[in-house]
Protein chains: 2
Amino acid sequence: MSSDSNSSIQQIPEPTLRRLPLYHQLLSEKHSEGAKNISCTEISNILGFTAIQIRKDLAYTGAVGRSKTGYNVKELLYILEDILGYTKTKDALIVGAGNLGLALMGYDGFKNYGLNIVAAFDTDPQKTGKLFHGKAVFDISELEKLAKEKGIKIGILTVPSAFAQETADLMVNAGIKAIWNFAPVKINVPDDVLVQHENLASSLAVLSHKLDNLTSVQRNE
Amino acid sequence: MSSDSNSSIQQIPEPTLRRLPLYHQLLSEKHSEGAKNISCTEISNILGFTAIQIRKDLAYTGAVGRSKTGYNVKELLYILEDILGYTKTKDALIVGAGNLGLALMGYDGFKNYGLNIVAAFDTDPQKTGKLFHGKAVFDISELEKLAKEKGIKIGILTVPSAFAQETADLMVNAGIKAIWNFAPVKINVPDDVLVQHENLASSLAVLSHKLDNLTSVQRNE
DNA sequence: TAGATTGTTAATCGATTAACAATC
DNA sequence: TAGATTGTTAATCGATTAACAATC
């Protein structure tokens, strides 16, 4: 049964997966408002996706709705929390205690997503040995020891681009199996380690490009 | 000629647009190393995309390569900087001086992307009237005045989800035309305002889901 | 010249959207 | 029952990949 659910989870397409947290957020809001059921039409009106797309997305999660009434809010919420891993807390480390790293260290929102940031690492003696947002910053030389001791598999990489690769290597050595990379460069890792890119430059490119078009269209009107 | 380039830019697909900053980053590295030309094969080896995809992406930018030699590094760099808007600096405001907002305010990288963060806004008296990373945090009531005075069109939204919509409304009133939304909720804005979502929860969902599959596969081996 | 490389047209693949049957 | 809503199969759309001609 559990291996069965694993294999079905495996084939959730990434675009769908990226929308699931939005459904979850809406569902938990509705739940706290006391809603018992919710239909795709209602979700569609609020989130702006088509009802068909929502139905298809939810089908991937294995959720089952009922004609006329829609989906049970509580049940759907549990299913989403399970798939998104919000129920079982996962420990993570931050490497690079610059502005972004420290901000992520203090970002309360992660708790809701089942992510527990244990500590951060840096080379700067101005940072190491101190607490930020109640969490310790250690020297990078301690990374391997602490990661292995606590069996931590997730690392958040927030060093400058120039140091991204060598830092990633250290993380791999320390047994990290998933790297959330905030540096805008590609990093090479062994096959059994996965990298998730978070590229603010890419998002900004989309934004500024759309804005360019918007203003150039308005000029021509 | 300039309207011509606008209409051609307009149809760059978003996936391509998101890859352009990575090409730019690589090109600027190669340029500083003194490289004169670069081929798709070489880019492919470094970034891990297929050479065909890279050629297609670059075709969208209007860049022209030469058989056998590839693309001129300097020329391609200029084209990318132009399309990505790195050459002309755009002013932006941050609304929400929490951890994430303050981090983005201090994030040096934005300069390279042509984004100049002018100031931040918050309601918290502990924050307002002070400088962070050399930039001022004003009370939210000053938003409209300052935005209009300086003609600022880009706003970065980093308030808690619960306040995202009302804050977005204030930004729209202040004349902001592009909102980079870091709150994990949908916000409603008029048609002439664009919203770019930056959802860390979505990325984290993809990461943790892939990690789940990775570990469950390894268990079954 | 031969071979590497670009640029373009066609084929494939996957996600979104549409259509419609099933059901409460 | 009638009508709203789910769930599924088919059609469409767009991005990626493949094939190949053009070119330096």
Side-chain angles (χ1 to χ4, degrees), chain A residues 8-20 22-23 26-27 30 35-77 79-80 197 202 205-206 209-210, chain B residues 8-23 26-27 30 35-77 79-80 197 202 205-206 209-210 213:
Chain A
S8 69
I9 286 173
Q10 194 148 11
Q11 58 208 19
I12 298 182
E14 188 166 320
T16 293
L17 204 47
R18 290 192 159 269
R19 284 187 293 268
L20 295 187
L22 295 172
Y23 300 141
L26 175 63
L27 266 287
K30 287 291 166 187
K36 291 276 172 284
N37 294 290
I38 193 165
S39 73
C40 290
T41 326
E42 195 178 347
I43 300 178
S44 170
N45 288 335
I46 300 171
L47 295 182
F49 308 132
T50 69
I52 305 161
Q53 185 172 54
I54 295 164
R55 229 173 293 142
K56 203 128 203 202
D57 284 346
L58 296 183
Y60 280 115
T61 69
V64 176
R66 282 195 310 165
S67 304
K68 191 133 179 172
T69 47
Y71 299 82
N72 181 285
V73 171
K74 211 180 211 171
E75 191 186 308
L76 185 50
L77 201 53
I79 290 176
L80 289 172
H197 267 273
S202 291
V206 176
H209 190 263
K210 282 183 187 163
Chain B
S8 69
I9 287 173
Q10 193 148 12
Q11 59 208 19
I12 299 180
E14 188 166 319
T16 293
L17 203 48
R18 290 192 158 269
R19 285 187 293 268
L20 296 186
L22 295 172
Y23 300 140
L26 174 63
L27 266 287
K30 287 290 165 189
K36 291 276 172 284
N37 295 290
I38 193 165
S39 73
C40 290
T41 325
E42 196 178 346
I43 300 177
S44 170
N45 288 335
I46 301 171
L47 295 183
F49 309 132
T50 69
I52 305 160
Q53 184 171 54
I54 295 164
R55 228 172 296 141
K56 203 130 206 204
D57 283 346
L58 296 183
Y60 280 115
T61 70
V64 176
R66 281 195 310 164
S67 305
K68 190 132 180 175
T69 46
Y71 299 82
N72 181 285
V73 171
K74 211 180 210 172
E75 191 185 309
L76 186 49
L77 201 53
I79 291 177
L80 288 172
H197 268 273
S202 291
V206 176
H209 190 262
K210 283 183 186 162
N213 289 334

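Every chain is numbered from 1, with letters handed out A, B, ... down the list of sequences. This is a predicted model, so every value here is computed, not measured.
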S.K.: Check the pair B:Leu26, B:Leu22 against side chain to side chain contact (heavy atoms under 4.5 Å, CB included), reporting the backbone distance first and the verdict last.
M.R.: CA-CA 6 Å; B:Leu26 174 63; B:Leu22 295 172; over 6 Å; no

S.K.: Whole angstrom is fine here: how far is it from CD1 in A:Ile38 over to C1' in D:dT5?
M.R.: 14 Å

S.K.: Please encode protein proximity along nucleotides 13-24 of chain D as a string of B, S and -, counting only heavy-atom distances under 4.0 Å.
M.R.: --SSBB----BS

S.K.: What are the two closest non-hydrogen atoms of B:Val206 and A:Arg18, and how far apart are they?
M.R.: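 Heavy atoms of B:Val206 and A:Arg18 come nearest at CG2-CG, 3.8 Å.
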
S.K.: Looking at B:Cys40 and B:Arg55, what are the two nearest heavy atoms and their distance?
M.R.: SG-CG, 3.6 Å

S.K.: Which pair of heavy atoms, one from A:Phe49 and one from A:Gln53, lies closest together, and at what distance?
M.R.: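 Heavy atoms of A:Phe49 and A:Gln53 come nearest at CB-OE1, 3.5 Å.
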
S.K.: What is the distance, to the nearest angstrom, from the CG atom on A:Leu76 to the C1' atom on D:dT6?
M.R.: 13 Å

S.K.: Test A:Glu75 against A:Tyr71 for side chain to side chain contact (heavy atoms under 4.5 Å, CB included), laying out the working first.
M.R.: CA-CA 8 Å; A:Glu75 191 186 308; A:Tyr71 299 82; over 6 Å; no

S.K.: Can you list every stem that DNA chain C is part of, counting only runs of 3 or more consecutive Watson-Crick or G-U wobble pairs with both distances under 3.5 Å?
M.R.: C:3-24 with D:3-24

S.K.: Within a strict 4.5 Å, meaning less than it, do heavy atoms of the B:Lys30 and B:Leu76 side chains meet?
M.R.: no

S.K.: Expressed as a whole number of angstroms, how long is the span from B:Glu42:CD to C:dA4:P?
M.R.: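 Answer to the nearest Å: 16 Å.
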
S.K.: Among all residues two or more places apart in sequence or in another chain, which pass the side chain to side chain contact (heavy atoms under 4.5 Å, CB included) test with A:Lys74?
M.R.: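 Counting only residues at least two positions away or on another chain, A:Lys74 forms a side chain to side chain contact (heavy atoms under 4.5 Å, CB included) with A:His31, A:Asn72, A:Tyr78.
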
S.K.: For B:Tyr60 and B:Leu17: C-alpha separation, side-chain torsions, deciding distance, then whether side chain to side chain contact (heavy atoms under 4.5 Å, CB included) applies.
M.R.: CA-CA 9 Å; B:Tyr60 280 115; B:Leu17 203 48; over 6 Å; no

